[in-house]
Amino acid sequence: MRITFHGAARNVTGSCYLVECQNKRILIDCGLYQGNREMAEENRNDFGFDPASIDFLLLTHGHLDHCGRIPLLSRLGFKGTILTTAATRELARLVMLDSARIQEEEARYRNYKASKRRRSQEEAVEPLYDTLDALNSLDAFVDIASFAQPHDLCPGIRTTFYDAGHILGSACILLEMEEGGTQRRVLFSGDLGYNGRAILPDPAIPPHADTVIMESTYGNRLHKPLGPSIEELYQAINTTIARGGNVLIPSFALERTQELLYYLREGIEQQRLPRQLQVYLDSPMAVSATQIFRRHRECFDEETWAVISAGRDPFELPGLEIIRDTAESMALKHVRGAVIIAGSGMCTGGRIRHHLRHNLWRSEASVIFVGYAAGGTLARQIIEGAEVVRVLQEEVEVNAEIYTIGGFSAHADQQELLNWHAQTGRPKRTFLVHGEVEAMEILAGHLTGTTVEMPDLHQSFEL
Ligand code: ZN
């Protein structure tokens with residue numbers, strides 16, 4: 001038995017781990033590398049294994065950095081089965097098709113640029129994969145029956161999914177394997193959520209395991225509590241609306257947008273926000289994702305069920321307007337005193353840039369950042385206090401009020417990671433993945449009674 005780390009090794013994207021047992025090859029996640037151009041180029045490198053040789057792919061959840069290389073796997077010959085939850089299958093479909101479209105657009109743009117430079121003899125850039133590859137890979141998906149119910153992959157190899165509480169349908173995955181009289185229980189955390197979040201139940205208590213592969217995104221940090229963050233959100237909205245400005249919220253389409261709608265609805269019901277609050281959801285992807293949430297009520301927590309049982313929709317507000325059309329989105333420049341939720345979360349693309357151009361220079365407006373902003377992104381420049389920024393080829397003064405509200409993370413923090421790990425019953429070995437080196441090293445210092453490894457890319461270990 002052996003495990004090899006083909007992604008998210010000493011960084012936070014590109015999750016991909018290969019387990020070999022009884023001549024079967026099982027992949028856990030096949031995510032895209034994201035970040036700067038160098039990182040993105042990593043996606044074009046060899047997987048480190050032959051895609052055609054993979055029998056099963058077990059998918060923890062639908063975030064791009066966990067499912068985003070599946071269409072490429074399919075393009076390069078993968079013929080196996082992809083097992084995951086029904087909600088993850090639907091979210092992965094949306095995410096992979098969106099990613100394919102972006103890959104196609106980027107290749108077209110680079111080819112256009114090359115032709116402008118009169119270098120048409122340059123080799124044309126091929127997209128990493130296209131829409132057809134994404135559609136083809138969907139045929140391989142099979143839903144698991146439910147959480148905590150074992151599923152035999154073959155005699156001697158069994159898998160069980162447990163609720164990870166990270167995004168809709170997200171799972172931790174246990175592999176129970178037997179080979180030549182040796183038995184192993186290997187547990188993959190996937191990305192972990194934490195207790196007390198909106199919409200999703202708390203992460204399930206994990207099963208005992210002898211080997212644990214654990215994410216470490218926030219291995220060196222503690223989150224701000226959620227309660228004061230919600231209060232700050234309401235206060236920022238009330239103050240801005242009162243002075244006639246727009247509130248822009250750059251948001252990620254999956255989970256964060258649905259959480260925002262959930263909290264806005266609660267705020268209105270509890271009379272902490274005005275009943276006539278005008279909210280525009282200007283992101284086709286977020287609108288589709290919200291529809292997927294509505295179809296997968298089996299993933300909701302008790303509080304969300306209570307809302308549904310009372311005859312209400314958890315994501316519906318009296319003043320909510322859904323914008324799909326580009327022209328309608330453009331027309332929002334005439335709107336005042338409204339909340340506009342649009343992608344992308346880090347302002348690197350999407351419709352939020354138009355709204356920033358029309359609002360950032362207005363002192364009565366505000367921008368509320370509710371998610372992570374990587375270095376070098378427009379979001380990070382604004383958060384760090386830039387006085388002038390470049391938006392869509394235009395210099396725009398930053399006069400709007402800027403809020404950074406940190407309590408809405410989808411990931412467990414250091415203490416929550418340690419609590420989860422303690423519940424796995426003193427595993428002999430722990431592999432830390434999906435984290436920057438500094439976060440991993442600090443987390444490793446807090447893990448006792450287990451041998452901690454921080455694998456390099458493509459490094460193998462006997463189990
Ligand atoms: Zn994730």
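Atoms within each ligand, like the ligands themselves, are counted from 1 in listed order.
- At least one cation-pi condition fails for R297 and F300: the charged atom is not both under 6.0 angstrom from the six-membered ring centre and inside a 45 degree cone around its axis.
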Evaluation steps, ring pair (Phe, Tyr, Trp, His ring centres under 6.0 Å), between Y263 and F408: CA-CA 11 Å; Y263 290 129; F408 296 107; 5.7 Å; yes
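- Atoms of the protein (N, O or S only) found under 2.8 Å from the Zn ion (ligand 1) are H61 NE2, H63 ND1, H166 NE2, D191 OD2.
- Crowding of E438 atom CD: a count of heavy atoms from other residues, nucleotides or ligands under 6.0 Å not exceeding 12.
- In this structure, the side chain of R69 engages the main chain of G31 through a donor-acceptor pair within 3.5 Å.
- Side-chain N or O atoms of E104 include none that pairs as donor or acceptor with a backbone N or O of P127 at under 3.5 Å.
- Screening H63, H223, H166 for a ring-ring contact (aromatic ring centres under 6.0 Å, His included) with H411, the sole residue that qualifies is H166.
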